[in-house]
Every structure is written in C-alpha cells, then in structure tokens.
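To keep things clear, I will list the structure first and then write my remarks on it.
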Amino acid sequence: MKGMQGAPSKYQNLIMCYEDGLAVMVLNRPKALNALNAETIDEISAAFDEVEADPKNRVLLITGAGDKAFVAGADIRELKQCETEAAGAAASEKGSKLFRRFETSRLITIAGVNGFALGGGMELAMSCDFRFAASTAMFGLPEVGLGIIPGYGGTQRLARLVGRGLAMELMVTGRKFDAHYALHIGLVNRVVPQHDLLNLCRQVAQEILAQAPLAVAAAKKALQAGADGGMEAGLKAESVEFGKLCLSKDMHEGMAAFVEKRQAQFKGE
Ligand code: CO8
C-alpha cells in the first residue's frame with residue numbers, strides 16, 4: 001500500500017506501524033506478491049504477539065505493500081518442497097492456528113485488501129473480522145488448480161461468510177473474482193478506489209477506537225461464541241459478557257456522559 005513502504009522494520013517481510021490504538025501490519029514481500037512463506041507466517045505470528053501484548057492496541061489492520069497484491073497466496077515455490085503427508089499437514093496447521101488467533105483475539109482485525117487476495121491470501125483476509133477492498137482487488141481460492149485445497153481455514157470460513165453453495169462453487173472451480181463481486185456476495189463490507197482504501201480503514205478504526213474498549217472486546221467475544229458454537233452458546237456468552245460489563249467503570253462513564261450530554265472518556269476499565 002502506498003505510503004507504507006520503506007519504513008525501517010525488524011521483520012524481513014512485514015512493516016509494522018502504530019497509530020494510537022491502531023496497529024497496521026503491512027505484508028511486504030514484493031518479489032513474490034507478498035506470498036506467505038514459512039518465514040512470513042512466523043513473522044506475522046511474532047508481530048501479532050507484539051500487538052496483542054500492548055493493551056493500547058485495540059484494532060489491527062492487515063494490508064499488503066504496493067498496489068498489486070494483498071497476498072498472492074502461500075508461497076508456491078516453498079509448497080512445492082512439501083512432499084510428505086506430515087509436512088503438508090503441519091504447514092497447514094501452523095497457518096491455520098495463526099489465522100484462528102485473529103478470530104479469538106480481543107483485537108478487532110480488519111483486512112484492507114489492496115490487490116490480489118488469492119489462496120492463503122484470501123484465507124488470511126477471511127480470518128479477519130471484516131474486509132474492505134480496493135476496486136482493483138481480485139479474490140479467489142485457486143488451490144484446486146494446483147492439486148491442493150485451501151489449508152488455512154478457507155474450506156470452513158468461505159461457507160460461513162457467503163453460504164455453502166456459493167462457497168462450494170468458488171472453491172471447486174478455483175475461479176477468480178473481482179472486488180465488486182466480493183461485495184455482492186458479502187465477502188467484503190465496502191469497495192473504494194485504491195487510493196482511498198487506507199483512509200477508509202483508518203476512519204473505521206477510529207470509529208471503533210472511540211467506543212468503550214471492554215465493550216468492543218465483549219461484543220466480538222459473544223459474536224464469535226455464536227459463530228463457533230451456535231445460537232445457544234452465543235446467547236449464553238452474550239449474557240455472561242453483558243454481566244461482566246455491568247461491573248466496568250466504562251459502563252458508568254458511558255451512561256453518565258449520555259445523561260450529562262458530553263463525550264464519554266473511556267479508560268478500558
Ligand atoms: N507463491 C510464490 N511466488 C508467487 C506467488 C505465490 N503464491 N504469486 C506470485 N508469485 C511470484 C511470481 O512467481 C513472480 O515471481 P518471478 O518474477 O520471480 O517469476 C512474481 O511473484 C510476480 O508474479 P507474476 O509474474 O505471476 O505476476 P502476474 O501479474 O503475471 O500474475 C497472479 C499475478 C495472477 C497473482 C499470479 O502471480 C498468480 O497466479 N500467483 C499465484 C496465485 C495462487 O495460485 N495462489 C494460491 C497459492 S496456494 C495457497 O495459497 C495455499 C494456501 C494454503 C496452504 C496451506 C499449507 C501451507
């Protein structure tokens with residue numbers, strides 16, 4: 001993404017920026033269109049630990065460097081070396097466990113899809129809480145054309161996002177599709193011109209950051225509990241989380257601010 005390249009980074013394939021509660025993770029491996037090799041998966045994992053460890057960070061935006069690609073998939077040259085059943089299963093599980101953390105984390109994760117989001121790249125975007133896309137973005141799960149299947153949770157998440165029939169069609173044809181089609185099927189929340197994508201993501205992040213931190217995390221937890229365990233589990237989690245929030249200082253602040261007609265000053269307590 002423009003404006004994000006060239007910053008010094010302790011990572012080989014990532015650039016991290018921190019902006020008052022918003023952490024921005026830029027996948028930056030231009031020679032392979034930001035494809036995910038094992039090193040990049042390890043770096044995403046380490047950077048995610050770093051973001052989560054600091055309570056100041058509440059929203060994580062993931063995007064790709066450059067104009068062309070979000071992430072063009074798992075690294076095919078590296079995957080080609082995967083010749084045993086155990087190695088394949090382990091590589092899949094490693095990425096899968098990492099992406100699952102985006103769903104179970106207290107952080108709200110946004111994918112800013114700025115170009116190709118194919119295979120593992122689309123799987124990464126799908127594991128975020130929601131997605132915005134540049135009008136130039138292209139999506140697809142082309143794995144079956146390589147003799148494999150999505151291995152980072154894509155066989156499960158696409159059906160949950162767009163419904164079983166459509167997910168099956170897209171997955172077994174390996175067909176690529178554009179941002180407008182992604183919007184049409186509900187895979188992304190909004191499509192904007194490439195140059196507006198980062199601003200849109202920042203603006204929505206600011207909207208989230210203005211809310212009570214514990215309430216935002218609790219809302220995500222309840223929604224995820226229902227997505228994972230069904231309606232009963234979700235409703236149970238909702239009540240439990242609601243109860244916990246009644247003990248929070250922020251609830252009292254939010255309601256006092258309403259009554260006193262002023263802006264709430266939340267502390268995340
Ligand atoms: N892996 C490795 N290198 C890649 C990848 C990739 N996924 N995608 C692009 N590159 C490299 C190209 O090889 C090329 O390098 P070089 O210049 O050295 O030849 C460079 O990036 C630029 O790419 P192109 O020249 O191909 O650019 P084009 O504009 O012509 O095409 C495309 C862009 C359409 C995105 C094309 O590059 C493409 O089709 N890429 C592959 C997309 C794909 O099939 N992705 C799925 C990969 S499999 C996967 O993601 C499985 C996930 C689950 C794994 C679980 C176990 C680990």
Side-chain angles (χ1 to χ4, degrees), residues 1-2 5 12-14 25-46 48 62-103 111-128 131 133-162 167-182 187-188 194 197:
M1 178 163 284
K2 271 186 180 151
Q5 286 167 302
Q12 295 301 309
N13 306 317
L14 293 184
M25 180 188 289
V26 184
L27 279 293
N28 184 32
R29 204 175 159 240
K31 64 176 182 197
L33 300 184
N34 305 330
L36 301 172
N37 59 357
E39 180 183 58
T40 307
I41 293 279
D42 287 339
E43 290 191 353
I44 296 172
S45 182
F48 193 73
I62 303 179
T63 191
D67 285 343
K68 194 166 172 182
F70 173 72
V71 170
D75 189 299
I76 298 172
R77 285 187 179 79
E78 201 175 84
L79 266 181
K80 198 167 167 288
Q81 316 297 319
C82 219
E83 283 174 346
T84 70
E85 188 175 341
S92 163
E93 201 176 333
K94 181 172 166 175
S96 205
K97 280 190 170 157
L98 169 63
F99 289 6
R100 175 69 175 151
R101 289 184 63 200
F102 300 151
E103 288 175 339
V113 183
N114 56 308
F116 288 111
L118 300 174
M122 178 163 142
E123 295 183 88
L124 169 60
M126 289 194 294
S127 66
C128 291
R131 292 145 288 285
S135 51
T136 49
M138 288 294 294
F139 296 81
L141 293 177
E143 284 93 337
V144 289
L146 294 163
I148 54 172
I149 59 172
Y152 296 146
T155 61
Q156 303 306 304
R157 289 193 181 96
L158 185 57
R160 283 164 170 78
L161 287 167
V162 305
M168 189 69 86
E169 180 187 338
L170 293 171
M171 189 171 66
V172 299
T173 59
R175 190 187 304 137
K176 296 184 184 71
F177 51 94
D178 66 17
H180 296 286
Y181 186 72
L187 184 62
V188 303
Q194 168 94 254
L197 181 63

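Order of listing sets the numbers, starting from 1, for every ligand and every atom in it. Because only heavy atoms are used, hydrogens play no part in the values below, and waters and symmetry mates are left out as well, while side chains stay in.
- Considering Lys176, Arg29, Arg77 only, the shortest heavy-atom separation from atom 13 (O) of ligand 1 involves Arg77.
- The shortest heavy-atom contact between Val144 and Gly174 is CG2-N, 4.1 Å.
- From the protein, the heavy atom lying nearest to atom 42 (C) of ligand 1 is Ala72 O, 3.3 Å.
- Residue-to-ligand polar distances keep Leu79 apart from ligand 1: every N/O pair is separated by 3.5 Å or more.
- Defined by atom type and a distance below 3.5 Å, a donor-acceptor pair is present between the side-chain atoms of Asn37 and Thr40.
- Distances from atom 21 (O) of ligand 1 to the protein include at least one heavy-atom value under 4.0 Å.
- The protein atom (non-hydrogen) at minimum distance from atom 55 (C) of ligand 1 is Tyr152 CE2, 3.5 Å.
- Under the 4.0 Å distance rule, the nearest protein heavy atom to atom 36 (C) of ligand 1 falls outside the cut-off.
- Using a 4.0 Å cut-off to heavy atoms of Gly120, the atoms of ligand 1 that qualify are 49 (C), 50 (O), 52 (C).
- Protein non-hydrogen atoms do reach within 4.0 Å of atom 8 (N) of ligand 1.
- No side-chain heavy atom of Phe139 sits under 4.5 Å from any side-chain heavy atom of Leu158.
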Exercise for the section: Would you sort out whether Arg29 and Glu39 count as a salt bridge (Lys or Arg N to Asp or Glu O under 4.0 Å), showing the intermediate values? Expected result: CA-CA 11 Å; Arg29 204 175 159 240; Glu39 180 183 58; 5.7 Å; no

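- With ligand atoms numbered from 1 in the order given, ligand 1 contributes 1 (N), 2 (C) to contacts under 4.0 Å with heavy atoms of Asp75.
- For Glu78, no heavy-atom contact with ligand 1 is shorter than 4.0 Å.
- Between Gln81 and Arg77 the shortest heavy-atom distance is NE2-O, 3.3 Å.
- Nearest to atom 24 (P) of ligand 1 among the protein's heavy atoms is Leu33 CD1, 4.5 Å.
- Atom 38 (C) of ligand 1 has Leu118 CD1, 4.6 Å as its closest protein atom, hydrogens excluded (heavy atom only).
- In summary, the atoms of ligand 1 found under 4.0 Å from a heavy atom of Gly119, numbered by their order in the structure, are 46 (C), 50 (O).
- For atom 17 (O) of ligand 1, the closest heavy atom belonging to the protein is Lys31 O, 4.8 Å.
- A side chain to side chain contact (heavy atoms under 4.5 Å, CB included) with Ile62 is found for one member of Leu27, Val113, Ile44 and no other, namely Leu27.
- Regarding atom 2 (C) of ligand 1, its nearest protein heavy-atom neighbour is Ile76 N, 3.4 Å.
- For atom 53 (C) of ligand 1, a protein non-hydrogen atom is found at a distance below 4.0 Å.
- The main-chain N or O of Gly66 is found under 3.5 Å from a side-chain atom of Asn114 such that the two form a donor-acceptor pair.
- The distance from ligand 1 to the heavy atoms of Lys68 drops below 4.0 Å at these ligand atoms: 27 (O), 28 (P), 29 (O).
- The heavy-atom pair separating Phe70 from Ala111 by the smallest distance is CZ-CB, 4.2 Å.
- Under the 4.0 Å distance rule, the nearest protein heavy atom to atom 27 (O) of ligand 1 falls inside the cut-off.
- Arg160 has its side chain out of reach of Met126: every pair of non-hydrogen atoms, C-beta onward, lies at least 4.5 Å apart.
- Assignment of Gly95 to the shell around ligand 1 is not supported, since no heavy atom sits closer than 4.0 Å.
- Atom numbering of ligand 1 starts at 1 in the shown order; those under 4.0 Å from a heavy atom of Ala91 are 56 (C), 57 (C).
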Problem - Steps toward side chain to side chain contact (heavy atoms under 4.5 Å, CB included) verdict (Leu36, Glu78) - result: CA-CA 9 Å; Leu36 301 172; Glu78 201 175 84; over 6 Å; no

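- For Phe48, the ring pair (Phe, Tyr, Trp, His ring centres under 6.0 Å) partners are Phe102, not counting sequence neighbours.
- For the pair Glu123 and ligand 1, a heavy-atom separation below 4.0 Å is found.
- For ligand 1, the atoms sitting less than 4.0 Å from at least one non-hydrogen atom of Pro142 are 43 (C), 44 (O), 45 (N), 46 (C), numbered in the order shown with element in parentheses.
- Side-chain contact between Arg101 and Ser45 is present, with at least one heavy-atom pair separated by less than 4.5 Å.
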Handout entry: Stepwise side chain to side chain contact (heavy atoms under 4.5 Å, CB included) check, Leu170 with Met122
Key = CA-CA 12 Å; Leu170 293 171; Met122 178 163 142; 5.7 Å; no

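- Inside a 4.0 Å radius of atom 45 (N) of ligand 1 there is at least one protein heavy atom.
- You'll find the side chain of His180 reaches within 4.5 Å of the side chain of Ser135, heavy atoms only.
- Taking every heavy atom of Leu146 and a limit of under 4.0 angstrom, the matching atoms of ligand 1 come to 44 (O), 47 (C), 48 (S).
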Practice task
Please step through side chain to side chain contact (heavy atoms under 4.5 Å, CB included) for the pair Glu123 and Val71, ending with a clear verdict.
Solution key: CA-CA 10 Å; Glu123 295 183 88; Val71 170; over 6 Å; no

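- Scanning the protein heavy atoms around atom 5 (C) of ligand 1, the nearest turns out to be Ala32 O, 3.9 Å.
- At a distance under 4.0 Å, no protein heavy atom can be found next to atom 30 (O) of ligand 1.
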